[in-house]
Each structure stands twice: as C-alpha cells, then as structure tokens.
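What follows is a single structure, written as structure tokens, with notes after it.
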Amino acid sequence: MKKLSLRLRLLLFFTGASCLIWLCSGLLSWFECREKIDEFFDQYQILMARQLASADWSSLAPETQNITNKIIKHIHNADEEDEAIGFAVFSHSGEMIFHDNENGKYFPFSPYVGEFRNEKVDEEEWRIVRVYSVDKKYVIAVGQEIEYRTEVTLDMVEEFLTPWLGGLFFLLIIVIYFVGKEFSSLRELTKELKKRRPDDLSALSTVKLPKEIKPLTDAMNGLLKKIDAMLKREKSFISDSAHELRSPLTALKVQLEVLQLTENKSQSLTESLNKMDLCVQRCTRLVEQLLFLSKLESGLTTFDEKEKISWSEIVAITLDEYKENIDNKKQHIITEIGTLSPIEKGNHILLTTLMRNLLDNAVKYSPEGAKITIYISKDRIEVHNSDVKISANHLRHLSERFYRPAGQKENGSGLGLSIVSKIAALHKCKIEFDNQGDGFSVIISNM
Amino acid sequence: MRVLLVEDDRLIGDGLKAGLEKLGFAVDWFTDGLEGEEALYQAPYEVVILDLGLPGQDGLDILKKWRTKGRKEPVLILTARGDVDQRIIGLNSGADDYLGKPFSLKEVQARLNALVRRSNGSSLPLLTYKNISFNPQTRQVTLNGKEVILSPKENNLLELLLLNKNKILSKEAIENKIYSWDDEVQSNAVEVHIHHLRKKLGRDFVRTINKIGYILEDK
C-alpha cells in the first residue's frame with residue numbers, strides 16, 4: 001500500500017482524534033444529562049403524586065370527571081407544551097375513579113405502590129409511580145412518557161455539543177493551515193532538490209529549516225560534499241589519463257607518417273615497426289596501469305580475504321619475471337628476507353603487483369651494473385638501488401599520478417608508485433622515498 | 001630550413017626528426033630542457049619546436065628566457081594539454097603557434113612553413129623569383145611553370161635564397177642553415193649545390209660575390 005504523506009497522516013490523525021474525543025464527550029454528557037433529567041422528572045412526578053394524594057377523593061362528585069375533561073382539553077388548546085405527564089386515581093379494588101382524560105386513563109392498576117416502574121401504556125414506554133392517598137383508600141398513579149425524557153436529554157446534549165462541533169471545525173482549519181505552513185520548508189527543500197542540475201553539488205541552505213529537518217539536510221550536505229570530492233577526483237583522473245594517452249598515440253601517428261614518407265620501405269620497415277610496437281606497448285601498459293589504479297581507487301578490488309603472505313615466494317616470482325632485464329643490464333640482486341614483515345597477511349595478487357612495480361622501477365631507472373637490494377624485516381620492506389639519487393624536489397611528488405622526474409629515458413606510465421602507495425595504504429602501511437647510502441630506497445613500514 | 005626540436009618523449013622526438021628530415025628540414029633534436037635552451041644560441045635556427053611538458057625545465061620557462069634575451073625565432077609549442085587557458089598562457093609567453101597532441105607530421109610541417117613565412121615578412125604561400133616559384137609546403141619548384149626536380153638539400157638552399165633576397169649569404173651561413181649537427185658537411189658542399197641549382201634553374205640564377213658569398217638580386 002502506498003504510504004500516505006506525513007502531512008496527510010498528521011491531519012487524518014488529528015481529525016480522527018478530535019472526532020473521537022468529541023463523540024466520547026457527547027456520550028458522556030448524554031449519560032450525565034439522562035441521569036439528571038430522570039432525577040428531576042422523578043421528583044416532579046413524586047411531588048405531583050403527593051399533591052394528588054392529599055386530595056379528598058372520597059367526596060369526589062361523579063360529574064367532576066366530565067368537568068375536568070373539559071378543563072384539561074381547554075388548557076391543552078392554550079398551551080402547546082406537553083410534558084407528557086399523566087395521572088389516574090384508583091380505588092383499592094383497582095377501579096379507576098378519576099384520570100386526566102389523557103394518557104392517564106390508560107394507566108393500568110398495579111399492586112406495586114411506592115416505587116417507579118417502566119410500563120407499557122398504549123404501545124408507549126411510560127415511567128409510572130404509585131402512591132397511596134392520605135386516607136389510604138386510594139392509589140394515585142403518576143406517569144411520564146420515557147420518550148419525552150429522551151427528547152429532552154437529546155435536546156440538552158445537542159445544545160451542549162453544537163458549539164463544540166463548530167469549535168472543532170475551526171480547530172481543524174487552523175491545524176490544516178499550520179501543518180501546511182510548517183511543512184512548507186520541506187516542500188521548498190524538495191523543490192530546490194528537484195530543479196538542481198546534476199553537476200550542482202553545492203551545499204543546501206539550512207538557514208530557515210526547523211531543527212527536526214536540519215540534521216537531514218546536514219547529512220545530505222555531507223554526502224554532497226563527498227560526492228563532489230569523488231567526482232572531482234574522477235574527473236581529474238579521466239582527464240589526466242586522456243592526456244597521458246595522447247603522447248604514445250602521437251608517437252604512433254608520427255612514426256606511421258614517417259613510414260608513409262619513406263620511399264624505400266623495405267629498408268626501414270623493421271625499424272619503424274619496432275618503434276610502433278614500442279608505442280603500442282606503452283599505450284597498453286598505460287591503459288593496464290590506469291585500470292588497475294582506478295580499480296584500487298574506487299575500492300572495487302575485494303580485499304576481504306587475507307591470506308598468509310610468503311614474501312620469499314613473491315620476491316622469487318618477481319625476480320624470475322625480470323631475470324632477462326636484470327641480466328641485460330648486468331645488475332646485481334641482493335635479497336635479505338627475514339621471517340617477519342610489516343605485512344604478514346594480505347592480498348597475494350596486490351602485494352605481488354607492489355613488488356613487481358618496485359623491482360620494475362629499480363631495474364629501469366638504475367644504470368648498468370647497479371646493485372639492487374630487496375630487504376624485508378619485521379619493521380620494513382625496502383627496495384634499494386645503487387647509483388641513483390633523486391632530488392628532494394622530486395621525492396615529494398613521486399607517488400603522485402603521472403609524475404615523472406626530469407630526463408627520463410625509459411618509458412613509464414608515471415603510475416607505478418601511485419599503485420604501490422595505494423596497495424601499501426590498503427595494507428595499513430606507509431611508504432617513504434629516500435636517498436640512502438649509495439642510492440635510492442623505497443621503504444614500506446607500518447603506520 | 002634548420003629546425004630546433006626540444007621534445008623529451010623519445011618516440012615522438014625520433015619520429016618528428018625522421019619525418020621532418022624526410023620533408024626537407026634540417027632538425028637538431030634535444031630531449032633535455034637545459035640543453036635545448038642552450039642550443040638556440042649555438043646555431044642559426046629558422047624555427048623552434050618546443051614541447052611544454054619537458055622534465056627538468058618547463059618549456060614555458062625556456063621560452064620566457066629566450067624572449068627576455070631578445071631571441072625572435074618563431075616558436076611552435078607542442079603539448080598534451082589542449083586547454084584554452086594553457087594555449088593563452090603559452091601564446092602570452094611568446095609562443096607563435098600552438099599544436100596539441102596528437103598531431104600529424106603534415107600539420108607540423110604546415111605550421112612550421114607558415115611561421116617561417118610570417119617571420120620573413122611574407123604571407124604568400126609561394127616564394128617566387130623571376131620565372132622561378134617555390135612552394136614551401138609541397139617543396140615543389142617550377143621554372144616557367146614546368147616542374148623541376150631538386151634534391152632535398154638543393155631544395156633547402158633554394159628556399160633559403162628565396163627567403164633572403166638581396167642579402168649576401170656567406171658559405172658558412174648557408175652551411176649552418178641547411179645542415180643539422182648530425183649531417184656530415186663536405187668543404188665544397190655549398191659550391192656543389194649552387195652549381196647544381198644553376199644547372200637546373202639557369203646559369204645566372206645566383207650571383208657569386210668573390211670570397212664573401214652569394215646573393216639573389218631581385219630588381
């Protein structure tokens with residue numbers, strides 16, 4: 001079922017509750033009035049009965065009934081008000097000797113004297129009380145139609161409840177107005193969010209908002225800020241990537257054109273093809289690194305399972321991959337791998353990538369015959385290469401994306417150390433670059 | 001036409017040098033910003049191609065230094081960044097033209113020719129002298145409307161003479177203008193080229209001024 005709006009629910013609830021209270025108070029006043037009116041009319045009946053009882057019924061002339069009949073008829077014509085009261089006078093033997101020529105003449109005789117009884121008279125419900133006359137020779141019955149009492153009660157309750165109903169109506173209008181007014185800030189907020197352009201990530205105004213909604217907008221503003229930062233990061237990543245891809249593409253294009261300009265193609269074909277192959281390799285490597293880094297940055301790489309890491313195995317695999325390059329440059333590898341390391345558990349694939357990138361840099365950027373040391377101990381993982389020093393100015397920027405220091409003869413994406421930094425951070429480690437001893441060191445240690 | 005190329009990217013630099021040389025330019029290529037800056041003072045270059053994303057020394061810094069020292073060689077800037085802002089900064093720093101990567105060799109050639117024409121005070125695409133005309137873009141030479149085939153070096157020498165009408169050009173100046181540092185120059189190379197030009201374009205094409213040099217008189 002569709003959830004009703006908060007505003008509508010508030011209004012419905014309030015209306016319902018008001019009506020219920022109104023009904024309850026109506027019922028209550030009904031019972032209250034009914035009781036009071038019964039008390040009042042009962043006393044009135046008893047009073048009337050007592051007055052009739054004090055009369056001397058034994059000296060009643062036979063024609064009195066007829067005269068009374070006429071008088072009563074006359075009174076009735078003059079007065080519309082009918083309190084539906086009737087009376088009759090009975091002898092001990094149950095013979096009716098006098099009545100009011102109206103309802104009273106149908107009152108039955110009954111031995112129950114001295115108490116109120118609800119009896120049926122001429123199809124109507126009557127409340128009748130009977131008393132003995134003062135000389136105890138007669139029984140006087142005084143009754144009132146119950147329906148009359150109900151009507152009087154209803155009249156009273158109605159009189160009492162009508163202004164209440166009007167008040168309730170005005171109250172509801174006021175409530176509707178104020179609830180609407182109080183909700184206007186929410187509506188404004190919705191309107192503002194609806195008409196917002198998707199690239200507008202500025203904070204929502206919280207000045208006019210009630211304090212119930214403010215935490216929500218504050219949270220929303222926090223989210224907007226985070227999205228903004230993420231978008232900016234993504235944007236600069238995409239634009240950096242596109243720019244970085246332009247260079248190898250330009251190289252490829254220029255080399256192709258050179259080949260097109262060459263008349264004797266067979267001669268320089270091999271050389272040109274090799275150069276173009278290099279360009280494509282560069283593009284490929286760049287794209288692979290970019291994808292890897294973007295995966296790391298977006299947090300898509302699942303990093304839940306933490307395997308036990310064998311550094312000696314990782315180093316052995318990596319060294320094997322670079323064996324040819326190392327031999328070509330006549331470089332020397334020294335490994336010192338202890339049983340403990342800052343990263344005991346982690347993701348095997350990521351850490352292999354980390355080691356591969358570090359070794360790749362060491363082999364690429366140190367000269368022929370250089371010494372490369374891989375040192376792993378309890379407090380650090382260090383890759384050191386001799387004969388290379390990096391100025392303090394460059395050291396600061398090394399882990400930035402696409403940063404490549406001066407005079408690079410080797411092809412590189414400028415992403416390797418960014419990736420290494422990211423992987424180290426994922427394993428709660430920090431990375432430092434430093435000129436140490438006769439060369440340059442990358443050191444990974446616990447934060 | 002002698003071109004100074006300062007580009008750190010090995011593959012782009014290599015391709016530009018090889019390609020431009022095939023198109024008749026004499027190219028000196030430097031990968032380092034500092035060396036490239038110094039190179040401009042060492043030889044008479046007609047035009048400079050400068051990469052902005054140079055490591056060590058930014059291309060714009062080199063350009064500013066050249067301009068403050070009064071060097072007027074036209075400079076074509078290459079960059080991977082194609083933003084308008086960067087172009088404006090580049091042009092305000094004294095660049096004469098701007099080319100964003102990826103570019104084509106033909107585009108570089110056309111821009112270089114336009115820059116050289118402009119710096120020589122001519123905006124006509126064709127260089128002419130009497131009944132001879134030369135198209136710097138296609139390197140095509142015609143005599144009385146008929147095409148004449150010249151070797152690349154002869155082509156460059158003709159262009160140089162046409163760009164410097166009524167000026168005496170010494171043998172050394174010509175050597176410096178049409179050869180790059182990588183070319184091996186024989187002592188009588190210029191004389192040989194002049195001889196070939198006269199053979200193809202007419203005996204009185206260039207006047208020799210004894211022991212000084214050559215002049216193309218346009219009266």
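Chain identifiers are assigned alphabetically (A, B, ...) following the order of the sequence lines, protein sequences preceding nucleic acid strands; residue numbering begins at 1 within each chain.
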Candidate pair Q255(A) and D14(B), rule side chain to side chain donor-acceptor pair (under 3.5 Å), full reasoning: CA-CA 8 Å; Q255(A) 293 289 349; D14(B) 173 85; 3.0 Å; yes
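Annotation: cation-pi pair R139(B)/F25(B) present, NZ/CZ under 6.0 Å from the ring centroid and within 45° of its normal.
Residue K275(A) touches chain B through both its backbone and its side chain, counting heavy-atom pairs closer than 4.5 Å. Residue contact with chain B, scored on non-hydrogen atoms closer than 4.5 Å, involves the backbone and the side chain of T262(A) alike.
Taking a cutoff of 4.0 Å between a charged side-chain nitrogen and a carboxylate oxygen, R71(B) and D96(B) do not qualify as a salt bridge.
No other option in S104(B), G19(B), G13(B), A18(B) has as many heavy-atom pairs under 4.5 Å with chain A as S104(B). Contacts with chain B were tallied for V258(A), L256(A), L245(A); V258(A) has the most, counting heavy-atom pairs under 4.5 Å.
With no hydrogens or angles considered, a side-chain donor-acceptor pair links Q281(A) and D277(A) at under 3.5 Å.
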